[in-house]
Amino acid sequence: MSSSSSIDQPNVITCKAMVAWEAGKDLVMEEVEVSPPQPLEIRVKVICTSLCRTDITAWESQAIFPRIFGHEASGIVESVGEGVTEFVKGDHVLTVFTGECKTCKHCESKKSNMCQVLGLERRGVMHSDQGTRFSVKGKPVYHYCAVSSFSEYTVVHSGCAVKVSPQAPLEKICLLSCGVAAGLGAAWNVADISEGSIVVIFGLGTVGLGVAQGAKLRGASQIIGVDINPEKYEKAKCFGVTDFLNPNEYNEPIQQVIKRISGGGTDYSFECIGNTGMVTTALQSCCDGWGLTVTLGVPKTNPEIASHYSAFLSGKTLKGSLFGGWKPKSDLPSLVNKYMNRNIQQA
């Protein structure tokens, strides 16, 4: 692997990366060339990356290939591009799939974390010049969510990285760059769960466990977990789930079971699977008058949500959540501190 001769003049790096050449086909370990960071970009040595369900959904269905997936990662800054003042070589960082420019209308508002400059990138290129920093034998390889962490090195916009304490274990906190943070934020920021409330969570993966932990820390009295995998129950209990329901074990719609054991419906419902049909089920599971359903999952098929208007006439609310409402640069350092202080645990 080649290395940069200086911080000011980094060279192309050749390293290993998992490349997706076609939708649904096995990823291939390739030698990839990673270009130096351009203005306002940083090149990161990826220390730890995890697999998010969204990566799988995109790999199976999206048309932009070849591509390097991965968006949930931690690493160390290897070099910085022109104009970068926030980072220096050696800084520990979390990469984030949605950035924070701090100057656009949404960044300046307390109501949104949807940066208009560095928001979710869907075209497989960098925000700055609509180009790619990866290639294999001269052939461009596209990015995913402006991160592409299934590579030993990657290039991200400096607004899509968050500096963290060098004492924080990178192999642990990488989950705060997506899944755990998304779940905690959905519980705290989007739903604002109140003490003594009843909560149901559909899907007990990393995101669902994050929601459960957030609900537990807010003092929820009952946290119902819904999943078809009974092996998840023991871990779910550690994160606050009090009741486990496997829909395959019931001869009636699971929403009826939930309404019965919750005394008429939950205060909050969270859809963490990425299934629009389950969004409707979650909405039907919460109570009339004030029941709130939050959807966090990214659907692979059937992206439209269908629900009877009577659900909304009865006072129920349906809300979406991106990254739990966190502004990444402003808020993630505090989450890392909470983990370091043992106030939160990782899935």
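Owing to the predicted nature of the structure, the values given are computational and were not obtained by experimental measurement.
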Minimum-distance pair of heavy atoms, taken over all atoms of Leu217 and Asn343: CD1-O, 3.7 Å
Roughly how far apart are Ile13 CD1 and Ser79 OG, rounded to 0.5 Å? 6.0 Å
Sequence-distant partners of Phe150, ring-ring contact (aromatic ring centres under 6.0 Å, His included), two or more places apart: none
Looking at OG of Ser285 and CD1 of Ile201, how far apart are the two atoms once the value is rounded to the nearest 0.5 Å? 12.5 Å
Residues which pass side-chain contact (heavy atoms from CB on, under 4.5 Å) with Ser330, listed by chain and number, not counting sequence neighbours: Glu100, Lys102, Lys327
Is there a donor-acceptor pair under 3.5 Å between the side chain of His143 and the backbone N or O of Arg133? yes
Is it true that a side-chain atom of Ser148 and a backbone atom of Phe69 form a donor plus acceptor pair closer than 3.5 Å? no
Flag, side chain of Lys316 to backbone of Thr293, donor-acceptor distance under 3.5 Å: no
Starting at CG of Asn246, measure out to OH of Tyr233 and round the result to the nearest 0.5 Å. 12.5 Å
Using a 4.5 Å cut-off on heavy atoms from C-beta on, say whether the side chain of Ser35 contacts that of Val155. no
Scan for salt bridge (charged side-chain N to carboxylate O under 4.0 Å, His left out) pairs involving residues 221-234, sequence neighbours excluded, and state none if there are none. Asp227-Lys232, Glu234-Lys237
Report yes or no: do Leu204 and Val226 belong to one cluster of Ile/Leu/Val/Met/Phe/Trp/Tyr joined by side chain heavy-atom distances under 4.5 Å? no
When every non-hydrogen atom of Ser50 is compared with those of Asp55, the smallest separation belongs to O-OD2, 4.2 Å
Could you give the distance from CG (Asn248) to CG (Leu245), rounded to the nearest 0.5 Å? 12.0 Å
Which donor-acceptor pairs under 3.5 Å do the side chains of residues 21-30 make with protein atoms, sequence neighbours left out?
residue: Trp21; atom: NE1; partner: Glu30; partner atom: OE2; Å: 3.0

Are the side chain of Arg53 and the backbone N or O of Val207 linked by a donor-acceptor pair below 3.5 Å? no
Is a side-chain donor or acceptor of Trp326 paired with a backbone partner of Leu332 at a separation under 3.5 angstrom? no
Side-chain heavy atoms nearer than 4.5 Å, only ILVMFWY residues, links allowed to pass through others: does that put Val200 and Ile193 together? no
What side-chain donor-acceptor pairs closer than 3.5 Å can you find for residues 90-97, not counting sequence neighbours?
residue: Asp91; atom: OD2; partner: Val88; partner atom: N; Å: 2.9
residue: Thr95; atom: OG1; partner: Ala73; partner atom: O; Å: 3.4

Side chains of residues 114-123: which donor-acceptor pairs under 3.5 Å do they make with residues two or more places apart or in other chains?
residue: Gln116; atom: OE1; partner: Lys105; partner atom: N; Å: 3.1
residue: Glu121; atom: OE1; partner: Arg123; partner atom: N; Å: 3.0
residue: Glu121; atom: OE1; partner: Gly124; partner atom: N; Å: 2.8
residue: Glu121; atom: OE1; partner: Val125; partner atom: N; Å: 3.2
residue: Glu121; atom: OE2; partner: Arg123; partner atom: N; Å: 3.1
residue: Arg123; atom: NH2; partner: Gln130; partner atom: OE1; Å: 2.9

Taking the side chain as every heavy atom from C-beta outward, state whether Lys338 and Leu184 have any atom pair closer than 4.5 Å. no
Under the 3.5 angstrom rule, does the side chain of Ser158 hit a backbone N or O of Glu41 as a donor-acceptor pair? no
Could you tell me whether the side chain of Asp267 reaches within less than 4.5 Å of the side chain of Ser194, counting heavy atoms only? no
If I compare all heavy atoms of Val241 with all of Ala212, which pair ends up nearest, and what's the gap? CG2-CB, 3.9 Å
For the CD1 atom on Ile261, are there more than 12 heavy atoms of other groups (residues, nucleotides or ligands in this structure) within a distance under 6.0 Å? yes
Is the side chain of Thr154 donor-acceptor paired with the backbone N or O of Val147 at a distance under 3.5 Å, no angle test? yes
Tell me every residue that passes side-chain contact (heavy atoms from CB on, under 4.5 Å) with Thr317, counting only those two or more places apart in sequence or in another chain. Leu292, Lys319
If you count the non-hydrogen atoms of other residues, nucleotides and ligands that lie under 6.0 Å from CD in Glu195, is the total more than 12? no
Ring pair (Phe, Tyr, Trp, His ring centres under 6.0 Å): pairs with one or both residues in residues 253-312, sequence neighbours excluded: none
Restricting to side-chain contact (heavy atoms from CB on, under 4.5 Å), what partner residues turn up for Lys45, sequence neighbours left out? Ile47, Tyr153
Listing, residues 252-259 side-chain donor-acceptor contacts under 3.5 Å, not counting sequence neighbours, or none:
residue: Glu252; atom: OE1; partner: Arg260; partner atom: NH1; Å: 3.3
residue: Glu252; atom: OE2; partner: Arg260; partner atom: NH1; Å: 3.0
residue: Glu252; atom: OE2; partner: Arg260; partner atom: NH2; Å: 3.0
residue: Gln255; atom: NE2; partner: Gln284; partner atom: OE1; Å: 2.6

If you round to the nearest 0.5 Å, how far is OG of Ser149 from CG of Leu51? 9.5 Å
Where do Gln167 and Met340 land on the side-chain contact (heavy atoms from CB on, under 4.5 Å) test, with the steps shown first? CA-CA 9 Å; Gln167 279 72 50; Met340 296 290 287; 3.9 Å; yes
Are Phe239 and Ile223 packed together at the side-chain level, in the sense that at least one heavy-atom pair is separated by less than 4.5 angstrom? no
Tyr339 with Val164, same ILVMFWY side-chain cluster at under 4.5 Å: yes
Can you tell whether the side chains of Glu152 and Lys16 come within less than 4.0 Å, N to carboxylate O? no
Any donor-acceptor pair under 3.5 Å linking the side chain of Asp243 with the backbone of Gln222? no
Between Asn113 and Asn189, does the side-chain contact (heavy atoms from CB on, under 4.5 Å) criterion hold? Intermediate values first, please. CA-CA 11 Å; Asn113 67 338; Asn189 302 327; over 6 Å; no
Are Val162 and Leu322 connected, step by step, through hydrophobic side chains (Ile, Leu, Val, Met, Phe, Trp, Tyr) whose heavy atoms are closer than 4.5 Å? yes
NE2 on His71 to SG on Cys145, rounded to 0.5 Å: 6.0 Å
From CA spacing to verdict: side-chain contact (heavy atoms from CB on, under 4.5 Å), Cys174, Leu170: CA-CA 6 Å; Cys174 73; Leu170 293 175; over 6 Å; no
Could you tell me whether the side chain of Ile305 reaches within less than 4.5 Å of the side chain of Leu283, counting heavy atoms only? no
Is the shortest side-chain heavy-atom distance between Val19 and Phe134 below 4.5 Å? no
Taking only residues at least two apart or on different chains, which pairs with a member in residues 269-280 satisfy side-chain hydrogen bond (donor to acceptor under 3.5 Å, both in side chains)? Thr266-Ser269, Glu271-Thr295
Any donor-acceptor pair under 3.5 Å linking the side-chain atoms of Thr14 with those of Glu31? no
By ring-ring contact (aromatic ring centres under 6.0 Å, His included) - contacts of Tyr250 (at least two apart): none
Inspect the surroundings of OH in Tyr142 and state if more than 12 heavy atoms from other residues, nucleotides or ligands are less than 6.0 Å away. no
Validation row: Val12, Pro36 side chains within 4.5 angstrom (heavy atoms): yes
Are Leu209 and Ile224 connected in the hydrophobic side-chain network, where two residues link if heavy atoms are under 4.5 Å apart? no
Considering all heavy atoms of both residues, which atom of Cys101 and which atom of Cys104 are nearest to each other, and what is their separation? SG-N, 3.3 Å
Under a 4.5 Å cut-off applied to non-hydrogen side-chain atoms, are Val46 and Ser151 in contact? no
